[in-house]
Every structure is written in structure tokens, then in C-alpha cells.
Undergrad: 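Quick one: this structure, given as C-alpha cells, is what I'll be asking you about.
In what follows, every heavy atom counts, from backbone to side chain, and hydrogens, waters and symmetry copies are set aside. The structure displayed is predicted, hence computed values, not measured ones.
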Amino acid sequence: MLRSMLRSSFSSGLGREATLSTTALIRCLDEAGLVGEMWRMIQDMVCGSCLVGPADLSETVRILGNATMVNKAPSIFYQIKGRKCKPNCKHLQLHNPDANTGSALISALGKLGRKDSATRLFDEMTQNGLHPTAKVYTNLMGIYFTLGRVEKALGMVQEMKEKGCAPTVYTHTELIKELGKAQRIKEAYNIFMNVLREGCKPDVVLINNVINLLGKAGRLVDAIKLFEDMESLHCTPNGVTYNTIIKALFECTAPASEASSWFERMKANGMDENGFPPCPAAYCSLINTLGKAKRYEAANELFQKLKENCGSSSARVYAVMIKHFGKCGRLTEAVDLFDEMKKLGCSPDVYAYNALMSGIARAVRIDDTYSLLRTTEENGCVPDLNSHNIILNGLAGTGGPQWAMEMLTKMKNSKIKPDAVSYNTVLHCLSRAGMFEKAAKLMKEMQLNGFEYDRITYSSILEAPGKIDEVRARTTL
DNA sequence: TTAGGGTTAG
């Protein structure tokens with residue numbers, strides 16, 4: 001019924017009004033989640049005879065870009081532009097809707113991974129006399145960063161300034177975040193200081209980003225100083241700010257008391273009222289950081305708190321906790337958690353299975369590991385390369401070089417090919433057994449298959465002989 | 001459009 005209603009509305013009018021109503025209907029279909037209907041409607045619009053204006057085109061591309069149909073957006077853009085929009089383009093080019101279309105399309109192309117098309121479209125837009133908005137510049141800058149073209153990205157900021165387009169807080173945030181990722185911490189921090197000096201008002205997201213990169217670089221003092229400065233910058237710290245600081249404290253191996261005093265401070269600021277931290281992602285990150293620091297009890301406490309506050313947990317955080325329980329030998333608790341997640345209707349994914357499997361393999365229960373691998377498959381979860389490496393490691397531990405080599409051969413003949421981790425695992429096992437010739441041969445093979453030796457490769461083969469001597473020394477005593 | 005989530009080997 002809806003479809004016929006839409007159809008009649010579409011065919012009843014001619015020209016601009018009809019198109020406008022079509023766009024409105026497309027928007028409705030999008031909001032209602034009727035993706036199939038929406039797509040048919042758009043195709044009707046494209047194939048029909050009425051003119052599609054830049055505003056409609058812009059809106060359509062935007063909807064497609066935001067919906068899961070991002071890959072359809074460019075083709076629609078070019079179809080309409082080529083067939084219908086052209087006659088109007090000359091005088092419409094300087095209109096905002098066309099700039100918006102280009103902006104939406106650049107964003108869609110970026111999401112699609114078609115970065116070269118995005119940059120080309122940008123050039124096309126500027127050559128046609130369109131003035132890109134700050135949003136477009138920021139978007140394109142992000143694209144250059146992901147392409148690893150840092151200087152070109154920085155050039156975008158320069159260019160926008162020269163063209164009289166003022167960078168926004170989004171631009172600064174993106175710029176500082178990306179420079180941080182590229183390990184150019186000092187530069188990022190200087191840019192932030194310049195932003196302040198130039199009188200641009202930072203917001204809490206920008207500051208959180210700066211705190212985050214300072215913490216990651218081990219500049220804890222600067223990170224905390226910035227936190228203290230927030231009040232004078234008229235920014236109120238939120239849950240993410242506190243989490244970022246606390247995470248930085250853990251990563252810089254600050255004393256536990258210092259981290260808990262920040263927890264208390266956060267609670268005192270009312271962050272606990274609405275369920276702290278504000279979202280499970282923060283918990284997950286903190287739990288993992290605590291586990292890595294071998295502070296398993298603290299990790300478990302936080303995990304329990306997450307369940308209390310959010311009612312349920314995601315498979316991701318379960319996998320993290322299961323992994324850490326397995327690592328510290330608390331296998332029973334790992335298994336209990338695995339059962340608990342199933343009972344609560346949170347079906348384990350390959351990460352959860354791998355986490356449990358590695359715990360079981362660590363406890364040298366290779367048969368159980370195998371049976372878990374089968375269960376993984378039965379539950380529609382496809383074991384991946386990591387699952388195989390976990391089994392390989394278990395086999396190497398219990399059955400020695402022979403089992404390890406057998407499994408490696410099996411992997412080479414199967415769909416899931418061994419990677420550097422697989423080779424390192426077997427190399428370690430061979431060296432431990434004193435089979436250095438075989439190890440040397442395997443290293444050659446590893447290199448031939450395109451895997452470089454890394455720190456772990458060397459430590460695997462070099463530490464093992466030392467251990468053999470230890471064993472010999474003990475037995476001759 | 002902007003911050004924060006998990007895999008294996010030593």
C-alpha cells in the first residue's frame with residue numbers, strides 16, 4: 001500500500017514539485033528503515049523524466065551515504081549529474097546544495113575506501129570555483145592522513161587558512177588526533193597550544209584527545225596539568241576525561257593508590273550517579289589495561305561493576321576477562337564466565353572461544369582444547385588462524401616437535417596458512433628440543449614465505465638453548 | 001565529521 005501511495009504521488013506531478021516530494025518520501029523510507037523500497041524509489045527518480053535538482057541530489061546522496069548503501073551513492077551521483085543536472089550546472093555551481101552534494105559524496109567515497117576518487121572530486125570542485133566548507137577540508141585532511149600522506153594533510157589546513165576558511169574545533173581535533181597516531185606528539189601538542197593562544201575555544205572532545213595522546217606518550221604530568229587547566233578553559237571533564245586519565249595512570253604504571261584516588265575524585269564529581277563509566281567501551285579498555293598490568297583482582301572488580309551498572313555485558317568484554325583469567329591460571333573462573341555469557345544469551349564469538357582455548361592450552365589440556373575447537377565450529381563460529389595457532393602452541397607443549405611439525409604441515413595444506421606466529425611457535429619448540437638444524441631449515445622456509453624474523457623469532461631460538469643448559473645442569477647434579 | 005572496546009607465539 002505504501003508503495004502504491006508513493007508511486008501515485010511520484011507520477012502525479014511533473015517537474016520540480018514532484019521531485020521534491022520524491023526526496024521527502026525517500027527520506028521517510030530511510031527513516032522507516034525500508035531500504036528496499038527506498039532504493040527502488042531512488043531508481044525511479046533517476047530513470048524517470050523529471051529534472052533532479054542539486055538539492056534533491058544532495059539529499060539523496062546523503063541518505064545513501066548514511067544508510068548501509070554507501071557504495072550506491074557515487075553511481076547515483078554520476079548518473080544524475082551526467083544526465084540531468086548538467087544543463088543547470090553552470091549557474092547552479094556556486095550554490096550551496098551542489099557543494100553539499102560534493103561534501104556528502106567525498107565523505108561517502110572516504111567511507112568506501114575510494115580515497116583517490118574523493119581527492120579527485122575535491123580538485124574538481126575547487127576547479128569549478130566551489131568554495132569547500134571547513135567540513136570538506138577536514139574530511140579530506142582525514143583521508144590524506146589515512147593514506148599516510150601526512151604532509152599533504154597538513155597542507156590542507158594551510159590551504160584552508162589561505163582561502164579564508166577558518167578551521168573549526170573538528171579540524172583541530174582531527175589534526176591533533178592524527179598527528180598523535182603518527183607519533184608526532186610534540187607537534188600535536190604545539191598545535192593545541194597555538195589553538196589556545198589564537199583564542200579558539202577548545203571543547204571537551206579536543207581536550208580529551210590531547211590528554212589521550214599525552215598519556216600514551218608517557219607525559220603524565222602534562223596530561224594531569226591539562227586536566228587541572230580545564231576549568232579555566234571553560235570545559236567540564238566528563239566520564240571519558242576521567243577514564244583517559246585513569247588509563248594513562250595504569251599505562252605509566254603509576255601507583256595503584258593514585259589511580260584509585262582519581263576514581264574517588266570522579267565519583268565525588270557525580271560521575272557515578274548515571275552509571276560510571278558512561279559506556280561499556282571505557283570499562284572494556286580499563287579492564288584490559290588492568291589485566292595487562294597483572295592486576296587481575298582490580299580487573300575482576302571492574303568487570304563485576306560493569307555488570308551491575310549496565311545489567312549485561314558484551315561478548316567483547318567477556319572475552320577480555322576470560323583471557324586474563326586464563327593467563328593467570330584461574331581457569332575455573334574463565335570457564336564459569338564462558339558459561340555465564342552463554343546463559344545470559346550473549347553468544348560467544350571467535351574471540352571468546354580463542355580466549356578460553358588459550359587458557360585451556362596453557363593448562364596443558366590439549367584434548368579439551370581440541371573439543372572446544374569442535375564446539376566452536378558446531379556453534380557456527382569459524383575458527384580462525386589464531387585458533388589454529390593456539391592449538392599449535394598446545395600441541396608443541398605436550399607432544400613436542402613432532403606434533404608441532406605435523407600440525408604445521410597440516411596448516412600449510414589447508415585453507416588457513418601459517419603466519420609468523422605459527423613459525424615462531426614451532427621454532428621455539430624445535431630449539432627447546434635441541435633440534436637446531438631443523439630450526440634453521442624452518443627459518444629459511446619462513447623467510448621464503450615472506451615472513452620476516454622479529455624480536456620474538458630471535459628470543460624463541462636464543463632463549464631455548466639457555467634453558468637446555470639449565471636442564472642439563474640440573475640433571476647432572 | 002570529532003575521544004575510549006577484544007584474538008595467538010617468547
Undergrad: Base, sugar-phosphate, or nothing for Thr173(A), non-hydrogen atoms under 4.0 angstrom?
TA: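 Base, at least one base atom sits under 4.0 Å.
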
Undergrad: Could you give the distance from CD (Gln183(A)) to CG (Leu213(A)), rounded to the nearest 0.5 Å?
TA: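 It comes to 9.5 Å.
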
Undergrad: Does Lys438(A), at its NZ atom, have more than 12 non-hydrogen atoms belonging to other residues, nucleotides or ligands within less than 6.0 Å?
TA: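 Check fails, neighbour count at 12 or below.
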
Undergrad: Out of dT8(B), dG6(B), dA3(B), which nucleotide sits closest to the side chain of Arg316(A)?
TA: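 Of the options given, the side chain of Arg316(A) lies nearest dG6(B).
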
Undergrad: Quickly work out the Ile322(A) CD1 to dG6(B) C1' distance and round it to whole Å.
TA: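 So the two atoms are 11 Å apart, to the nearest Å.
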
Undergrad: Rounding to an integer number of Å, can you tell me how far Lys181(A) NZ sits from dT2(B) C1'?
TA: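 In whole Å, dT2(B) C1' and Lys181(A) NZ are 11 Å from each other.
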
Undergrad: Using whole Å, report how far OH of Tyr423(A) lies from C1' of dT8(B).
TA: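 So the OH-C1' distance, Tyr423(A) to dT8(B), works out to 16 Å.
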
Undergrad: If you only use heavy atoms from C-beta on, which nucleotide in dA9(B), dG6(B), dT1(B) is closest to the side chain of Tyr351(A)?
TA: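 Selected nucleotide (nearest to the side chain): dG6(B).
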
Undergrad: If I take atom CD1 in residue Ile360(A) and atom P in nucleotide dT8(B), what distance separates them, rounded to the nearest angstrom?
TA: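 It is 15 Å, rounded to the nearest whole Å.
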
Undergrad: Which residue, Asn386(A), Asn389(A), Asp384(A), Asp349(A), forms the side chain to side chain donor-acceptor pair (under 3.5 Å) with Asn354(A)?
TA: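 In the set Asn386(A), Asn389(A), Asp384(A), Asp349(A), the residue that makes a side chain to side chain donor-acceptor pair (under 3.5 Å) with Asn354(A) is Asp384(A).
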
Undergrad: Can you tell which of dG5(B), dA3(B), dA9(B) lies closest to the side chain of Ser285(A)?
TA: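 Selected nucleotide (nearest to the side chain): dG5(B).
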
Undergrad: Under 4.0 Å, heavy atoms only, any strand: does Asn139(A) hit a base, just the sugar-phosphate, or nothing?
TA: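 Answer is nothing: Asn139(A) stays at 4.0 Å or more from every strand.
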
Undergrad: Tell me whether the side-chain N/O atoms of Lys135(A) come closer than 4.0 Å to OP1 or OP2 in dT1(B).
TA: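 For dT1(B), neither OP1 nor OP2 has a side-chain N or O of Lys135(A) closer than 4.0 Å.
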
Undergrad: With a non-hydrogen cut-off below 4.0 angstrom, is Asp349(A) in contact with a base, only sugar-phosphate, or nothing?
TA: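 Asp349(A): base contact, heavy atoms under 4.0 Å.
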
Undergrad: Can you identify which nucleotide, out of dA9(B), dA3(B), dG10(B), has its nearest atom closest to the His428(A) side chain?
TA: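 Looking only at side-chain atoms, His428(A) lies closest to dG10(B).
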
Undergrad: Looking only at the side chain of Arg455(A) (C-beta and beyond, no hydrogens), which of the listed nucleotides dT2(B), dG10(B), dT8(B) gets closest?
TA: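 Side chain of Arg455(A) sits closest to dG10(B).
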
Undergrad: For a quick check of understanding: with a heavy-atom distance under 4.0 Å over all strands, which category does Thr244(A) fall into, base, sugar-phosphate or nothing?
TA: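 Result for Thr244(A) = nothing.
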
Undergrad: If we only count heavy atoms from C-beta on, is the Thr244(A) to Phe227(A) side-chain gap below 4.5 Å?
TA: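 Sidechains of Phe227(A) and Thr244(A): no contact.
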
Undergrad: Can a side chain N or O of Arg362(A) be found less than 4.0 Å away from OP1 or OP2 on dG10(B)?
TA: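 So the side-chain polar atoms of Arg362(A) never come under 4.0 Å of the phosphate oxygens OP1 or OP2 of dG10(B).
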
Undergrad: The side chain of Asp203(A) lies closest to which of these nucleotides: dT2(B), dG10(B), dG6(B)?
TA: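 Shortest atom-to-atom distance from the side chain points to dT2(B).
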
Undergrad: Atom CG of Leu175(A) and atom P of dT2(B): how far apart are they, to the nearest Å?
TA: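 For the pair Leu175(A) CG and dT2(B) P, the rounded distance is 16 Å.
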
Undergrad: Is any side-chain heavy atom of Thr241(A) closer than 4.5 Å to one of Met230(A)?
TA: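 Result yes, sub-4.5 Å side-chain heavy-atom pair found.
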
Undergrad: Does Ser314(A) get its side chain close enough to the base of dG5(B), under 3.5 Å, for a donor-acceptor pair?
TA: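 Such a pair is found, so the answer is yes.
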
Undergrad: Tyr318(A) and Phe338(A): aromatic ring centres closer than 6.0 Å?
TA: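 No; Phe338(A) has its ring centre 6.0 Å or more from that of Tyr318(A).
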
Undergrad: What is the distance from OH of Tyr137(A) to P of dT1(B), rounded to the nearest Å?
TA: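 So the OH-P distance, Tyr137(A) to dT1(B), works out to 21 Å.
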
Undergrad: Nearest of dT2(B), dG10(B), dA3(B) to any side-chain atom of Tyr170(A)?
TA: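 Ranking dT2(B), dG10(B), dA3(B) by closest atom to the Tyr170(A) side chain puts dT2(B) first.
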
Undergrad: Report the distance from atom CE of Met160(A) to atom C1' of dT1(B), rounded to the nearest whole Å.
TA: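 Distance, rounded to whole Å: 12 Å.
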
Undergrad: At under 4.0 Å between heavy atoms, what does Val320(A) touch on the DNA or RNA strands: base, sugar-phosphate, or nothing?
TA: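 The answer is sugar-phosphate, as Val320(A) gets under 4.0 Å only of primed atoms, P, OP1 or OP2.
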
Undergrad: Give a yes or no on whether a donor-acceptor pair under 3.5 Å exists between the nucleobase atoms of dA3(B), that is its base, and the side chain of Asn209(A).
TA: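 Absent.
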
Undergrad: Counting any heavy atom closer than 4.0 Å, what does Ile456(A) reach on the DNA or RNA strands: base, sugar-phosphate only, or nothing?
TA: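 Touches a base.
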
Undergrad: Can you find a heavy atom in the side chain of Phe122(A) that is under 4.5 Å from one in the side chain of Asn139(A)?
TA: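 Phe122(A) does not reach Asn139(A) side chain to side chain.
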
Undergrad: Short question: side chain of Lys417(A), backbone of Ser414(A) - any donor-acceptor pair under 3.5 Å?
TA: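 Yes, because the side chain of Lys417(A) sits within donor-acceptor range (under 3.5 Å) of the backbone of Ser414(A).
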
Undergrad: Would you state whether a donor and an acceptor, one from the side chain of Asn243(A) and one from the base of dA3(B), lie under 3.5 Å apart?
TA: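 No.
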
Undergrad: Please tell me which of the listed nucleotides, dT8(B), dT1(B), dG5(B), lies nearest to the side chain of Asn386(A)?
TA: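 The answer is dT8(B), which lies nearest to the side chain.
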
Undergrad: Which ones in residues 397-406 of chain A lie close to DNA chain B, meaning a heavy atom under 4.0 Å from one of its atoms?
TA: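 Of all residues in residues 397-406 of chain A, none places a heavy atom under 4.0 Å from DNA chain B.
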
Undergrad: Side chain of Ile390(A) only, heavy atoms from C-beta on: which candidate in dT8(B), dT2(B), dA3(B) is closest?
TA: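 When the side chain of Ile390(A) is considered, dT8(B) is the closest of dT8(B), dT2(B), dA3(B).
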
Undergrad: Is there a side-chain contact between Lys161(A) and Val157(A) (heavy atoms, below 4.5 Å)?
TA: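 When only atoms from C-beta onward are counted, Val157(A) and Lys161(A) do touch, with a gap below 4.5 Å.
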
Undergrad: Go through dG6(B), dT8(B), dG10(B) for me and flag the one nearest to the Asn288(A) side chain.
TA: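 My answer, after comparing the listed nucleotides, is dG6(B).
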
Undergrad: Please give, in whole Å, the distance from dG4(B) P to Leu286(A) CG?
TA: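 These atoms are roughly 13 Å apart.
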
